[in-house]
Amino acid sequence: MVLITGSTGFVGRHVARELCSRGMKVRCLTRISSDLRALNGLEVEIYRGDVNDEASLETALKDVESVVHLVAIIRETKLATFEQVNFLGTRNLVKVARKTRIKRLLYMSNLGASPDRRFPLFYSKWRGEEEVRNSGIDFTIFRPSVMFGRGDGFVTVLARIIKRLPLVPVIGSGRTKFQLISVEDVATCVARSLKDSSTVNRVIPLGGPEHLAYEEIIDLIIQTLRLRRLKMHIPIPIMRAIISAMEKLLPQPPVTSAQLAMMVKDNITDLDIVERVFGFKPVSLRQGIEDILS
């Protein structure tokens, strides 16, 4: 039995589908407020609970051998902070997993996770990694670059902005590099790792087969949508002020201060990392973008 936390999220629904397709027994931990339609058609057990509720974790982890921990947020709200969800939620899970003698723990972090407090999201994921590393449980930590797929929070959001605006804002120089990877390919890596002892107690970066600058991604979206758009570079300090104002005025700003902080450094790894570790070549954004935007 494999327990997936965050199973109704963007990554979780793909991981659940992939594990089920391989004949694995899957249990999903979901909050009471979660929309379960993402799991329709899958033979999974549903357990209601929360990573910040140890009692619900104990119930969900009963008779479970492995855990795929995907619960995380990439933007904060008053009710959900990086500290509360990404760090304390992981610490709670590790505590209960140790108590219930879980044999394997797979943790979804981020490429760029580090102890640098200037990057709040990456810092919270690094602290979560530390809990997993020191758990005494056989672990695998994944560090993916930005993931793409239908309904993602990056390519899809950029496309929405580009469709609406005749003048497309480009944050900073536009030269920050990303190594986007398909969410389906990430799910494949998770599934293979559960059966591959060579991935035990390793931190594995995940990225697609190409490095793309931020402005190149914008150009690719414009080209795919067959639009004519002008672009305007906005310096980081000005963008920071704009985003700060949006965060105060809008309940769901298109970009947050934490996401803006990530735009100042490259988010890449070795181009052949997935092929080298898992034996298959991931799909590039150029190959998959038509399907996302159709």
Side-chain angles (χ1 to χ4, degrees), residues 1-72 85 89-109 128 131-132 135-142 144 147 149-151 181-202 204 206 274 277-280 282:
M1 178 68 72
V2 181
L3 175 73
I4 304 173
T5 71
S7 53
T8 59
F10 175 61
V11 182
R13 66 188 70 175
H14 288 90
V15 170
R17 189 173 296 114
E18 182 66 24
L19 299 191
C20 287
S21 73
R22 293 169 180 260
M24 298 185 190
K25 294 181 179 179
V26 176
R27 180 179 296 170
C28 296
L29 179 69
T30 67
R31 290 181 300 167
I32 293 175
S33 59
S34 294
D35 185 344
L36 301 182
R37 285 178 295 179
L39 303 175
N40 281 352
L42 300 181
E43 292 187 12
V44 297
E45 295 180 3
I46 303 295
Y47 276 58
R48 295 293 194 174
D50 193 288
V51 291
N52 287 307
D53 178 0
E54 291 186 20
S56 69
L57 285 175
E58 286 194 31
T59 301
L61 285 169
K62 185 178 180 182
D63 300 322
V64 166
E65 182 175 283
S66 302
V67 177
V68 179
H69 182 40
L70 303 175
V71 166
V85 180
T90 302
R91 187 170 72 176
N92 289 336
L93 177 69
V94 167
K95 177 182 177 182
V96 179
R98 230 179 356 232
K99 181 178 178 181
T100 54
R101 300 184 182 279
I102 296 300
K103 294 180 180 178
R104 189 83 187 278
L105 175 56
L106 277 59
Y107 176 60
M108 193 64 65
S109 183
E131 294 295 320
V132 172
S135 66
I137 302 169
D138 284 349
F139 69 84
T140 303
I141 294 171
F142 298 102
M147 286 178 265
R150 288 196 175 196
I181 182 167
S182 159
V183 66
E184 288 92 348
D185 287 335
V186 170
T188 299
C189 293
V190 170
R192 293 192 181 190
S193 184
L194 283 167
K195 299 290 186 179
D196 185 354
S197 61
S198 71
T199 65
V200 170
N201 296 339
R202 290 180 61 184
I204 304 174
L206 299 175
V274 171
V277 177
F278 295 102
F280 73 96

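Just so you know, these numbers come straight off a predicted model, no measurement behind them.
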task = Run the numbers on T100 and V64 for side chain to side chain contact (heavy atoms under 4.5 Å, CB included), then give the verdict.
result = CA-CA 9 Å; T100 54; V64 166; over 6 Å; no
request  = Output, in order, the C-alpha distance, side-chain angles, deciding distance and verdict of side chain to side chain contact (heavy atoms under 4.5 Å, CB included) for V186 and F142.
outcome  = CA-CA 9 Å; V186 170; F142 298 102; over 6 Å; no
request  = Evaluate salt bridge (charged side-chain N to carboxylate O under 4.0 Å, His left out) for E18 paired with R22, printing each intermediate quantity in order.
outcome  = CA-CA 7 Å; E18 182 66 24; R22 293 169 180 260; 2.8 Å; yes
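For the side-chain hydrogen bond (donor to acceptor under 3.5 Å, both in side chains) test, residues two or more places apart in sequence or in another chain that qualify with N92 are N52. Residues that satisfy the ring pair (Phe, Tyr, Trp, His ring centres under 6.0 Å) test with Y47, not counting sequence neighbours, are absent from this structure. With sequence neighbours left out, H14 forms a side-chain hydrogen bond (donor to acceptor under 3.5 Å, both in side chains) with no residue at all. In this structure, F139 has no ring pair (Phe, Tyr, Trp, His ring centres under 6.0 Å) partners at least two apart in sequence or on a different chain. For K25, there are no side-chain hydrogen bond (donor to acceptor under 3.5 Å, both in side chains) partners at least two apart in sequence or on another chain.
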Would you give me the side-chain donor-acceptor pairs under 3.5 Å for residues 187-196, sequence neighbours excluded?
from, atom 1, to, atom 2, distance (Å)
T188, OG1, E184, O, 3.1
R192, NH1, F278, O, 2.6
S193, OG, R104, NH2, 3.3
S193, OG, T199, OG1, 2.7
D196, OD1, S198, N, 2.9
D196, OD1, S198, OG, 2.6
D196, OD2, S198, OG, 3.1

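Atom CG of L105 sits about 8.0 Å away from atom CD1 of I141, to the nearest 0.5 Å. Going from atom CG of L93 over to atom CD of E54 covers 10.5 Å, rounded to the nearest 0.5 Å. Taken from CZ in R48 to CG in L29, the straight-line distance is 10.0 Å, to the nearest 0.5 Å. Atom NZ of K62 is separated from atom CD of E58 by 11.0 Å, given to the nearest 0.5 angstrom.
Considering L70, L36, T30 in turn, T30 is the only one that fulfils the side chain to side chain contact (heavy atoms under 4.5 Å, CB included) rule with S7.
For the pair I137/V67, no side-chain contact is recorded, criterion being any heavy-atom separation below 4.5 Å from C-beta on. Side-chain contact between V15 and M108 is absent, with no heavy atoms from C-beta onward closer than 4.5 Å. Taking the side chain as every heavy atom from C-beta outward, V132 and H69 never approach each other to under 4.5 Å. Considering only heavy atoms from C-beta on, M1 comes within 4.5 Å of E45 through its side chain. Looking at L206 and V274, their side chains come closer than 4.5 Å, going by heavy atoms from C-beta outward.
Looking only at distances, a side-chain donor or acceptor of R27 sits under 3.5 Å from a matching main-chain atom of A60. Without hydrogens or angle criteria, S56 side chain to D50 main chain gives a donor-acceptor distance under 3.5 Å.
No more than 12 heavy atoms of other residues, nucleotides or ligands sit less than 6.0 Å from atom CZ of R31.
When all heavy atoms of C28 and L39 are compared, the closest pair comes out as SG-CD1, 4.0 Å. Among all heavy-atom pairs drawn from I102 and S66, the shortest one is CG2-CA, 4.2 Å. Closest heavy-atom contact between A72 and V85: CA-CG1, 4.1 Å. Between C20 and L42 the shortest heavy-atom distance is SG-CB, 4.3 Å. Across every non-hydrogen atom of I181 and P144, the tightest pair is CG2-CB, 4.5 Å. Contact record, T90 with G128: CG2-O, 3.7 Å, taken as the closest heavy-atom pair.
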